[in-house]
**Student:** 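Below you will find the structure I want to go over with you.
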Amino acid sequence: MSESAAKSTSSLLAWYEAMGVDEAIGEEPVDRFAQSAAPPASQGTPRDSAKGAPDTAAGAAPKGALNVPPKASRKARRPAPAPEDVAPPVLEGIETLAELEKAVAAFEGCPLKRTAKNTCLRAGARRPRMLIGEAPGRDEDLQGKPFVGRAGKLLDKMLAAIGLDETSVYITNTIYWRPPGNRTPTPQEIGSCAPFLARQIELLRPEVIVLLGGAAAKSMLETTEGIMRLRGKWKLYHAKERDIPTLATLHPAYLLRSPEAKRYAWRDLLMLKERLGELEKD
Ligand code: URA
């Protein structure tokens with residue numbers, strides 16, 4: 001590679017990094033120029049493409065294109081099923097969290113699943129105190145479990161400050177697959193996973209729900225208000241059979257970036273502690 005090509009490649013990589021691209025999703029490089037020169041691939045159904053139907057550039061690339069092994073190409077270039085092709089999850093017969101976990105694993109209606117490494121459904125214990133975060137990040141994606149990275153470590157400390165730990169709370173997210181570059185999930189992505197979250201709430205019957213951050217708070221409380229307005233107030237989440245007291249607070253990832261906001265989170269934690277104390281007395 002010439003010196004100027006090396007320089008422009010490294011400045012391109014630096015730019016990607018600044019934009020939040022911190023890993024390559026495919027296992028092998030994909031030659032997009034060769035792909036666009038190839039004749040259009042036949043669409044096929046999502047089921048066909050999952051079987052590796054010849055609808056990818058690996059099958060159709062002209063001579064001289066990069067040779068991408070079928071395994072990598074299948075994952076990186078499986079076409080997104082159109083929303084109308086994806087059946088909404090049928091969750092009525094699901095009576096346990098283990099069954100729900102299987103249903104999430106089989107679900108193809110959230111496009112993020114195709115770029116994520118693992119599904120991250122839940123952490124903690126089957127206890128009636130539920131914490132709902134936003135979306136798995138890089139560490140969660142690698143380990144297949146919510147809140148195991150830096151934000152998770154801070155969450156552990158926050159819980160410990162009011163006498164809670166992983167054995168006393170149930171932790172999940174609004175979605176179960178990492179958005180590339182840790183971007184905020186879209187309302188559509190959150191909506192595609194919402195039936196699973198609703199079913200978890202029905203199965204768990206939490207006494208309280210804590211919403212970590214704006215994305216979880218806005219979607220669960222069905223509002224466009226910002227987290228600074230939503231936090232620190234008990235509200236009701238309308239579950240199928242009853243209303244559940246719900247408290248929004250600041251996301252630990254935000255607190256890592258803005259430690260001066262920890263005082264608000266601390267107030268919210270004290271509200272939670274007080275409420276849990278009252279519930280124990282009842
Ligand atoms: N942030 C979240 O909202 N959820 C996680 O699981 C990790 C980080």
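Order of listing sets the numbers, starting from 1, for every ligand and every atom in it. What you see is a predicted model; the values in this text were computed from it and never measured. Index from 1, following the sequence.
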**Student:** Can you list the residues that meet the side chain to side chain donor-acceptor pair (under 3.5 Å) rule with Y237, with sequence neighbours excluded?
**Tutor:**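 For Y237, no residue satisfies side chain to side chain donor-acceptor pair (under 3.5 Å) once neighbours in sequence are set aside.
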**Student:** Could you tell me if the side chain of K102 sits less than 4.5 Å from the side chain of I94, heavy atoms only?
**Tutor:** no
**Student:** Any donor-acceptor pair under 3.5 Å linking the side-chain atoms of T119 with those of W177?
**Tutor:**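 The answer is yes; a qualifying pair exists.
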**Student:** What residues, two or more places apart in sequence or in another chain, satisfy ring-ring contact (aromatic ring centres under 6.0 Å, His included) together with F196?
**Tutor:**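 F196 satisfies ring-ring contact (aromatic ring centres under 6.0 Å, His included) with F107 once adjacent residues are dropped.
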**Student:** Taking only residues two or more places apart in sequence, or in another chain, which ones meet D139 in a salt bridge (Lys or Arg N to Asp or Glu O under 4.0 Å)?
**Tutor:**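 Not a single residue meets the salt bridge (Lys or Arg N to Asp or Glu O under 4.0 Å) criterion with D139.
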**Student:** So, K233 and E225, do they make that salt bridge, N to O below 4.0 Å?
**Tutor:**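 Looking at K233 and E225, the cut-off is not met.
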**Student:** So what's ligand 1 close to, N/O to N/O, under 3.5 Å?
**Tutor:**
residue: ligand 1; atom: 1 (N); partner: A135; partner atom: O; Å: 3.4
residue: ligand 1; atom: 1 (N); partner: H251; partner atom: NE2; Å: 3.2
residue: ligand 1; atom: 3 (O); partner: E134; partner atom: N; Å: 2.7
residue: ligand 1; atom: 3 (O); partner: A135; partner atom: N; Å: 3.2
residue: ligand 1; atom: 3 (O); partner: N173; partner atom: OD1; Å: 3.4
residue: ligand 1; atom: 3 (O); partner: H251; partner atom: NE2; Å: 2.7
residue: ligand 1; atom: 4 (N); partner: A135; partner atom: O; Å: 3.0
residue: ligand 1; atom: 4 (N); partner: N173; partner atom: OD1; Å: 2.8
residue: ligand 1; atom: 4 (N); partner: N173; partner atom: ND2; Å: 3.4
residue: ligand 1; atom: 6 (O); partner: F147; partner atom: N; Å: 2.9
residue: ligand 1; atom: 6 (O); partner: N173; partner atom: ND2; Å: 2.9

